[in-house]
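Any value given below was found using the heavy atoms of this structure, including those in side chains, with hydrogens, waters and symmetry copies removed. All chains are named by letter (A, B, ...) in the order of the sequence lines, taking the proteins before the strands, and each is independently numbered beginning at 1.
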There are 2 protein chains.
Amino acid sequence: MEVTANIFKALSEIIRLRIMRLLIKAKKELCVCEIVDALDETQYNVSRHLNILKNVGLVSDRRAGTWILYSLSSKNVRFNQKLIETIESIPSDKEDDDMVRLRKRLKMRVKGRCVIGYKGKGG
Amino acid sequence: MEVTANIFKALSEIIRLRIMRLLIKAKKELCVCEIVDALDETQYNVSRHLNILKNVGLVSDRRAGTWILYSLSSKNVRFNQKLIETIESIPSDKEDDDMVRLRKRLKMRVKGRCVIGYKGKGG
DNA sequence: ATAGTATATGTAAAATAACGCATATATACA
DNA sequence: TGTATATATGCGTTATTTTACATATACTAT
């Protein structure tokens, strides 16, 4: 029960919901700098919020050189699956901008991999 | 998006999750005093948390004399429906005690209606 | 080792939220 | 009108969360 409350708490901030939407829609691993540019938020904030999502088991990470790639957690608990469906059913508005920026950013990948840091806000 | 974040925030406190579980499992309107006794929490806390759930549209209320009856919101938006399913899939632990107390409490109804106030903690 | 890049985190300040108590509101009934 | 009951709320205190800045860590390449 407390675990569940913490999962909902993790989804109770817009920036974290935007991160989840991004990962759900992108359907692929994203590195931190790509998420930073897609959301147009500071690096340290994105990093912190990613950590919160990770702590409740919603996302997982993997290192690839200096880059760290985040993706939806593969723990396919029934609850998590329902939750993803719920998030998918959120009516769109602002996060569309995120996807536009993400797509632009993903074009900068070389051979499918991120090769540059974030361009936007400092941190 | 912000609306959704607020809905998740409403579900990020254990007491509010317990209220939601109670209403989902009971499958009927419950008056505030019945919820107070089922959760064994103070009247003012239950009242406050019910108001938070109501403000985000998860529950709705209806007056019946001095009693106010709460139920799941009938707004059957797809998102809300998914959310209910998600909450239903939460593994049980503590809220089972809530249901035991609720059932005991519901037996005190007369002709299917609550006729007494709460017995438990003050407020 | 050194420099450069990507990501994470300690800390303090600001903003939010929860709790307890007392009290207010609304209704019922005499 | 006055009392009793059910529910809601204003306010102060405490606890939690978010943010911003600076800096630390981890890795790569020279």
Side-chain angles (χ1 to χ4, degrees), chain A residues 2 5-6 8-19 29-56 59-70 105 108-110 113-123, chain B residues 2 5-6 8-19 29-56 59-70 105 108-110 113-123:
Chain A
E2 185 161 6
N6 284 336
F8 282 125
K9 188 172 296 180
L11 295 170
S12 71
E13 272 285 309
I14 292 184
I15 187 171
R16 293 194 292 263
L17 262 186
R18 287 166 69 202
I19 292 174
E29 291 177 320
L30 299 176
C31 82
V32 178
C33 58
E34 289 170 334
I35 298 174
V36 167
D37 280 347
L39 301 188
D40 194 28
E41 294 283 345
T42 59
Q43 178 269 323
Y44 51 82
N45 260 339
V46 170
S47 183
R48 277 231 168 72
H49 290 296
L50 278 168
N51 192 47
I52 290 172
L53 291 171
K54 180 174 140 187
N55 281 340
V56 298
V59 307
S60 44
D61 61 348
R62 169 173 89 81
R63 183 175 278 279
T66 47
W67 286 271
I68 296 190
L69 305 175
Y70 280 84
R105 181 57 216 254
M108 300 175 189
R109 282 190 177 189
V110 174
R113 296 192 311 165
C114 176
V115 295
I116 54 173
Y118 64 93
K119 303 282 133 200
K121 296 186 183 174
Chain B
E2 184 161 7
N6 284 335
F8 282 125
K9 188 170 296 179
L11 295 170
S12 71
E13 273 283 308
I14 292 185
I15 186 170
R16 293 194 292 264
L17 263 187
R18 287 166 69 202
I19 292 174
E29 293 177 318
L30 299 176
C31 81
V32 177
C33 58
E34 289 170 333
I35 299 174
V36 167
D37 279 349
L39 302 187
D40 194 28
E41 294 282 346
T42 59
Q43 178 269 323
Y44 52 82
N45 261 338
V46 170
S47 182
R48 276 227 174 75
H49 290 297
L50 278 168
N51 191 48
I52 290 172
L53 291 170
K54 180 174 140 186
N55 282 338
V56 299
V59 306
S60 44
D61 62 348
R62 168 173 90 80
R63 182 177 278 279
T66 45
W67 286 272
I68 296 190
L69 304 175
Y70 281 84
R105 182 56 217 254
M108 300 175 188
R109 283 190 177 188
V110 174
R113 297 191 311 166
C114 176
V115 294
I116 54 173
Y118 63 93
K119 302 283 134 199
K121 297 186 183 173

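Regarding B:Ile52, its CD1 atom lies at a distance of 11 Å from the C1' atom of C:dC19, rounded to whole Å. In this structure, A:Glu29 atom CD and C:dT7 atom P are separated by 13 Å, rounded to whole Å. One interatomic measurement links the two molecules: CD1 of A:Ile19 to P of C:dT7, which rounds to 13 Å at whole-angstrom precision. Atom NZ of B:Lys54 and atom C1' of D:dA8 are 10 Å apart (whole Å). Atom CG in A:Leu50 sits about 15 Å away from atom C1' in D:dT18, given to the nearest Å. Computed from coordinates, the A:Asp61 CG to C:dA6 P distance equals 17 Å when rounded to whole Å. A straight line from CZ of A:Arg62 to C1' of D:dA26 spans 16 Å, rounded to a whole angstrom. Residue B:Leu69 contributes atom CG, which lies 12 Å from atom C1' of D:dT7 at whole-angstrom precision.
Of all heavy-atom pairs between B:Ala64 and B:Leu69, the closest is CB-CD1, 4.1 Å. Between B:Ala5 and A:Ile14, the shortest heavy-atom distance links the atoms CB-CG1, 3.9 Å. The two atoms that bring A:Tyr70 and A:Lys54 nearest to each other are CE2-CD, 4.4 Å, heavy atoms only. Of all the heavy atoms in A:Cys31 and A:Trp67, the pair that sits closest is SG-CD1, 3.6 Å. In terms of heavy-atom proximity, A:Ile116 sits nearest to A:Met108 at CD1-SD, 3.6 Å. Between A:Ile19 and A:Val46, the shortest heavy-atom distance links the atoms CD1-O, 4.5 Å.
The nucleotide whose nearest atom lies closest to any side-chain atom of B:His49 is, among C:dA18, C:dA8, D:dT7, C:dA18. Distances were taken from every side-chain heavy atom of A:Arg48 (C-beta onward) to each of D:dC21, D:dA6, D:dG10; the shortest belongs to D:dC21. For B:Tyr44, the side-chain atoms get nearest to C:dG20 when compared with the rest of C:dG20, C:dA8, D:dA20. The listed nucleotides are C:dC19, D:dT7, C:dT7; the one nearest the side chain of B:Asn45 is C:dC19. Closest contact between the side chain of A:Asn51 and the listed nucleotides D:dA8, C:dT9, C:dT7 involves C:dT9. Nearest nucleotide to the B:Arg63 side chain, out of C:dA6, D:dT9, C:dT27: C:dT27.
The side chain of B:Tyr70 places an N or O atom within less than 4.0 Å of a non-bridging phosphate oxygen (OP1 or OP2) of D:dA8. B:Ser47 has a side-chain polar atom (N or O) that falls below the 4.0 Å cut-off from OP1 or OP2 of D:dA8.
Each end of the helix from C:dA1-D:dT30 to C:dA30-D:dT1 yields a helix axis from five base pairs, and these two axes differ in direction by 20° (to the nearest 10 degrees).
Nearer the 5' end of DNA chain C, as judged by each residue's closest nucleotide, is the contact made by A:Ile116, out of B:Ser12 and A:Ile116.
Side-chain N or O atoms of A:Ser12 include one that pairs as donor or acceptor with a backbone N or O of A:Lys9 at under 3.5 Å. No donor-acceptor distance shorter than 3.5 angstrom exists from the side chain of A:Arg16 to the backbone of A:Ile52, with no hydrogens or angles considered.
The number of heavy atoms from other shown groups lying within 6.0 Å of CZ (B:Arg109) is above 12.
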Any protein N or O atoms within reach of nucleotides 12-17 of chain D? Criterion: under 3.5 Å, listing atom names and distances.
unit_1, atom_1, unit_2, atom_2, d
D:dT17, OP1, A:Lys9, NZ, 3.3

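In terms of polar N and O atoms assigned as donor or acceptor, the side chain of B:Gln43 comes within less than 3.5 Å of the base of D:dA8 in a complementary pairing.
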